[in-house]
Structure formats: structure tokens, C-alpha cells
Number of protein chains: 2
Amino acid sequence: MPRLIDHDQRRNEIAAALRRVVLREGMAAVSVRTVAAEAGWSPSAVRHWFPDQAALVRFAVARTMAEAPARLREVLAAGPSRENAQLLLEQLLPLDDVRRVEMHVWLAAVDPARHDDGFDETRSQMFVALRHVCRTAVARWCDLAPPASVGEVVDAVEQDAAVLHALLDGLALHGVHYPEEATPERIRAVLRHHLEAISTRSRL
Amino acid sequence: MPRLIDHDQRRNEIAAALRRVVLREGMAAVSVRTVAAEAGWSPSAVRHWFPDQAALVRFAVARTMAEAPARLREVLAAGPSRENAQLLLEQLLPLDDVRRVEMHVWLAAVDPARHDDGFDETRSQMFVALRHVCRTAVARWCDLAPPASVGEVVDAVEQDAAVLHALLDGLALHGVHYPEEATPERIRAVLRHHLEAISTRSRL
DNA sequence: GCCGTTACCGTACAACTGTGTTAAAAAGAG
DNA sequence: CTCTTTTTAACACAGTTGTACGGTAACGGC
């Protein structure tokens with residue numbers, strides 16, 4: 001057997017390089033060559049680990065988004081409370097560098113993906129996943145029983161979740177594209193304000 | 001004097017061609033050549049009307065977004081009412097083809113613009129303009145005096161406007177990138193639900 | 001020692017890009 | 001018709017892109 005290399009780690013390194021390129025120069029600057037240079041390898045090395053460029057960015061985007069579920073699970077484990085509900089939602093907002101990179105890469109990838117095949121599934125999965133997090137957050141915030149499955153839908157919660165979902169993505173977009181205006185504190189404040197509006201209403 | 005051509009109309013034709021390319025194949029497919037082909041001219045013709053590619057997309061994006069203010073003014077002229085407030089906001093959502101194209105082009109242009117100079121001003125202008133529309137809409141919805149100027153800020157309205165602004169951009173993003181899930185009717189319903197939540201709260 | 005498999009590199013090529021230059025066509029004014 | 005300016009085309013050039021191919025270096029088992 002020849003030298004054995006940790007495939008996953010190698011690919012993660014390259015994905016991290018792509019992330020850095022996207023963050024610094026935007027998705028338009030991503031190419032096999034630029035990513036390879038950023039990672040410190042030759043373009044052929046990158047080509048060795050990924051069959052083509054599309055697979056490269058697919059993998060990198062997937063890996064980038066893959067860290068969020070772990071954070072969500074961790075917060076979820078803390079048990080339901082209002083603080084917890086807000087904390088849950090904040091995991092999906094660009095409030096620190098890690099989450100900012102996630103959102104940035106995702107937003108940069110979503111638009112081109114609209115015309116690439118093989119990304120549609122990821123896109124809609126992301127949508128339903130986010131929606132379900134919103135459902136859970138609304139339920140926890142309003143002190144209701146959490147939704148048992150992705151399929152189970154309670155109408156009142158569902159409407160609030162749809163609003164929250166759009167609000168969340170809007171805040172993410174603002175945080176990434178208008179960092180001066182939408183600072184982490186302001187984003188948090190807007191989310192807080194909206195959540196408190198929900199509770200005020202539900203007390204009627 | 002040799003043949004005189006309506007410069008503005010010519011440039012608008014080219015901008016429209018760019019719009020079509022963006023809509024069909026995404027911003028990544030935009031080049032002097034592809035736009036020229038779409039418009040039915042030679043690349044040199046396009047180059048004759050725009051000094052370089054950056055100016056081309058700058059102009060096309062500006063022209064695309066330039067149609068919204070007219071719509072907003074028209075709605076604003078109808079005088080304040082709740083229906084009117086919702087209608088105002090709906091002018092900034094991808095509810096028909098015209099508005100869908102606007103949002104699509106804008107979203108496709110915003111991300112690359114983050115790393116191009118000369119677009120920052122447009123970006124922040126868009127932000128404050130949208131925020132002000134939200135302020136006005138909240139004021140009209142809650143039957144308050146409309147804000148006199150962009151500078152005048154009422155705290156209670158301002159917080160609601162910030163939420164509404166993020167919600168609006170989130171809904172726009174959903175409508176463009178998840179057209180199956182976020183249909184015009186659902187987008188309208190979400191907006192409606194949020195606005196009614198505001199009024200419920202304000203009646204306390 | 002050797003060998004075979006794996007990892008990586010350098011180069012090459014065709015396609016595309018933006019952007020100049022150069023020249024032809026078109027059309028109103030005289 | 002001719003002249004003059006605008007409009008369009010054709011071409012060229014350098015740069016970048018994705019991807020394929022041939023070769024080299026490393027390493028584990030014998």
C-alpha cells in the first residue's frame with residue numbers, strides 16, 4: 001500500500017481555502033487555480049481530489065453549511081426556554097466570523113446554483129431545514145409542545161414560523177451585505193424585538 | 001450630421017438584453033459577448049455604448065431598479081390606508097414577472113458588487129431607501145403621521161421598520177430563490193400576517 | 001534492497017474572457 | 001453626389017479559465 005492520506009481532511013483543507021477566497025474576493029474569484037493557490041497546492045492537486053470545479057464548490061459549500069446542525073443540536077439540548085429559542089435562531093445569523101462566513105458562502109453560492117444542476121436538492125433541503133428550526137423556535141418561545149416531526153404542522157405556529165423564516169434570511173442577508181448598517185447588536189435587537197412582539201400578541 | 005440614434009433607448013435595449021441573460025443563465029453568464037448576442041448586435045456595438053463591462057452591468061442594474069420608485073410614488077399618491085401600506089410594500093416583492101426580474105438582478109448583482117468598487121454607494125442608497133419605505137409603510141399601517149424626512153426617526157416606528165425591512169428582503173430572497181415554496185400568494189400571506197400582528201400589538 | 005500503488009506536479013490545449021485597433025458602412029447636411 | 005460624423009463590424013492580443021495527459025516522487029508491503 002502506498003502512502004495513505006486522510007481524504008476527508010485533505011478535501012476539508014481545500015474547502016477551507018475556497019471559503020477564504022469567497023470571503024476575500026467573492027465567488028466570482030473562485031477557480032481551480034485560485035483555490036489551489038490559496039491552499040498552497042498546485043491546481044493539479046485540487047483536480048486530484050475533485051473531479052471538476054462544480055464538485056469542488058458543491059463539496060465546499062456543503063462542508064461549510066455542515067457545521068451549523070451541530071451548533072443547533074447543542075443549543076437544542078439545553079432544553080426549551082425563551083433564551084434558548086433566541087439562541088437557536090442566532091445560530092443561523094451572521095453574528096460572528098464563523099457564522100458570517102457560512103452565510104456569505106451560502107448567499108454567494110445560492111444564486112449561481114439556480115442555474116447549475118445538482119444544487120437544487122441542497123437548496124430545497126436548506127429551505128425546509130431552516131423552516132423547521134423556525135417552527136421549533138416559535139414553539140419554544142411560546143412555550144408550546146415542540147413539533148414532533150418535520151411533517152407535523154400547526155397552523156398558528158406555521159404562520160409565525162414562515163414570518164420568522166423570512167425575517168431570519170433577511171437579517172442574514174443584511175448582515176452579510178450591509179455589515180456597517182446591520183451590526184451583530186442591531187441584528188440581535190431586531191430579532192429580539194420581533195420575538196417579543198410574538199409573545200405580546202400571544203398573551204391576548 | 002450623420003444618423004442620430006437615441007442613445008438612451010439603445011442603452012436600454014442592451015440593458016434589457018443583460019436582464020434576460022441574467023434571468024435565463026445567471027449573472028455568471030454575463031459577458032460583453034453574451035449580452036451582445038442576446039441583443040442581436042456585435043460585441044463591438046455594445047462596447048461602443050459602454051466603455052467597459054463594469055459600466056454595462058452598473059447601468060443595467062441601475063436601469064432595472066429605476067422602475068421601482070415610479071411604482072412606489074404611484075401607490076403613495078393614493079393616500080394613506082392599510083391596503084395602501086401593504087400595496088406599497090408589495091411593490092418591493094417579487095410578485096409578478098417585472099418585480100421578479102428586478103429582485104433577481106439585484107440579488108445577483110449585490111454579491112459580486114461587494115468586491116467591486118463603485119457599487120458601494122448604490123448598495124447603501126438602496127438600503128436606506130428601502131428602510132424609509134418600511135418606515136412609511138409602518139406609519140401608514142398604524143395610522144400615524146408619516147415621517148417628514150429620511151432623517152426623522154421615531155423609535156417605536158423605527159424598530160418595526162427594521163423588522164419589516166429584514167422581512168421584506170427575506171421574502172424577496174425566498175421568492176427569487178425558492179419560487180416553488182415561496183409563491184406570490186404565500187409571500188403576500190406572510191406579509192399580511194406580519195402586518196396584522198403589528199396592528200394587534202399596537203391596539204394594546 | 002525492490003515494486004506497485006497513490007499522491008502530486010508541470011505542462012499543454014482549447015475555449016473563453018475584456019479590451020483595444022482598424023476599417024467599413026450608414027445616413028443626414030451641403 | 002460628396003463629405004463628415006456616427007455607428008457597426010472584424011480582427012487581434014493578452015489573460016484566464018477548465019480540463020486532459022505524462023511524468024515524478026513518496027510510501028507500504030515483501
Side-chain angles (χ1 to χ4, degrees), chain A residues 1-22 24-61 108-109 111-113 115-119, chain B residues 1-22 24-61 108-109 111-113 115-119:
Chain A
M1 287 291 149
R3 62 172 162 170
L4 216 67
I5 294 236
D6 186 342
H7 291 218
D8 228 45
Q9 187 211 322
R10 203 42 126 226
R11 288 213 270 236
N12 275 333
E13 286 180 45
I14 297 172
L18 187 143
R19 238 185 330 249
R20 286 194 299 267
V21 172
V22 169
R24 181 159 24 88
E25 307 172 55
M27 185 63 96
V30 167
S31 77
V32 177
R33 283 171 170 84
T34 56
V35 173
E38 176 70 29
W41 279 298
S42 84
S44 309
V46 172
R47 180 102 171 84
H48 179 70
W49 296 102
F50 298 98
D52 57 16
Q53 166 167 294
L56 205 186
V57 339
R58 260 199 302 273
F59 178 88
V61 172
D111 183 80
H115 308 90
D116 288 352
D117 289 340
F119 232 100
Chain B
M1 284 291 151
R3 64 168 164 174
L4 217 65
I5 296 237
D6 186 341
H7 291 218
D8 227 44
Q9 188 213 321
R10 220 359 100 75
R11 287 212 271 234
N12 275 334
E13 284 181 47
I14 297 173
L18 186 143
R19 241 185 325 252
R20 285 194 300 269
V21 171
V22 169
R24 179 156 29 86
E25 307 172 56
M27 184 63 97
V30 169
S31 76
V32 176
R33 283 171 171 86
T34 56
V35 172
E38 176 71 29
W41 280 300
S42 82
S44 308
V46 172
R47 215 128 130 81
H48 178 70
W49 298 99
F50 299 97
D52 57 16
Q53 164 165 295
L56 206 188
V57 337
R58 259 199 302 272
F59 178 90
V61 172
D111 183 80
H115 308 89
D116 289 352
D117 290 341
F119 231 101

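A note on names: the letters A, B, ... follow the listed sequences, proteins ahead of strands, and every chain is numbered from 1.
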Any idea how A/His7 and A/Trp49 line up, ring-wise: parallel (<30°), tilted (30 to 60°), or perpendicular (>60°)?
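Rings of A/His7 and A/Trp49: perpendicular, over 60°.
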Any side-chain N or O of B/Trp41 less than 4.0 Å from the OP1 or OP2 oxygen of D/dT7?
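So the side chain of B/Trp41 is outside the cut-off, no N or O lying under 4.0 Å from OP1 or OP2 of D/dT7.
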Can you check whether A/Ser42 has a side-chain N or O nearer than 4.0 Å to OP1 or OP2 of C/dC9?
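Checking A/Ser42 against C/dC9: at least one side-chain N or O falls below 4.0 Å of OP1 or OP2.
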Qualifying residue for side-chain hydrogen bond (donor to acceptor under 3.5 Å, both in side chains) with A/Glu38, from A/Arg33, A/Arg20, A/Arg19:
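Exactly one option meets the side-chain hydrogen bond (donor to acceptor under 3.5 Å, both in side chains) with A/Glu38, and it is A/Arg20.
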Where the side chain of [X] is defined as all heavy atoms beyond and including C-beta, which of [options] is the nearest nucleotide?
{"X": "B/His7", "options": "C/dT19, D/dA9, D/dT7", "answer": "D/dT7"}
{"X": "A/Ile5", "options": "C/dC13, C/dC8, D/dT8", "answer": "C/dC8"}
{"X": "B/Ser44", "options": "D/dT17, C/dT19, D/dA10", "answer": "D/dA10"}
{"X": "A/His48", "options": "D/dT17, C/dA7, C/dG10", "answer": "C/dA7"}
{"X": "B/Arg33", "options": "C/dC13, C/dC9, C/dT19", "answer": "C/dT19"}

In whole Å, I'd like the distance from the [atom1] atom of [X] to the [atom2] atom of [N].
{"X": "B/Arg47", "N": "C/dT22", "atom1": "CZ", "atom2": "P", "value": "14 Å"}
{"X": "A/Phe50", "N": "D/dT17", "atom1": "CZ", "atom2": "P", "value": "18 Å"}
{"X": "A/Glu13", "N": "C/dA7", "atom1": "CD", "atom2": "P", "value": "14 Å"}
{"X": "B/Arg11", "N": "D/dT7", "atom1": "CZ", "atom2": "P", "value": "11 Å"}

Specify the residue among A/Pro43 and B/Val30 whose closest nucleotide of DNA chain C lies further upstream toward the 5′ end.
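Going by which nucleotide is closer to the 5' end, it is A/Pro43.
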Regarding A/Arg10, tell me which of base, sugar-phosphate or nothing describes its non-hydrogen contacts under 4.0 Å with the strands shown.
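Sugar-phosphate, backbone atoms only, no base.
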Which part of the nucleic acid, if any, lies within contact of B/Ser31, taking any heavy atom under 4.0 Å across all strands shown: a base, the sugar-phosphate backbone alone, or nothing?
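Sugar-phosphate contact only - B/Ser31 comes under 4.0 Å of backbone atoms but never of a base.
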From [atom1] ([X]) to [atom2] ([Y]), nearest 0.5 Å:
{"X": "B/Glu25", "Y": "B/Thr34", "atom1": "CD", "atom2": "OG1", "value": "7.0 Å"}
{"X": "B/Leu18", "Y": "B/Met27", "atom1": "CG", "atom2": "CE", "value": "6.5 Å"}
{"X": "B/Gln9", "Y": "B/Ile14", "atom1": "CD", "atom2": "CD1", "value": "10.5 Å"}

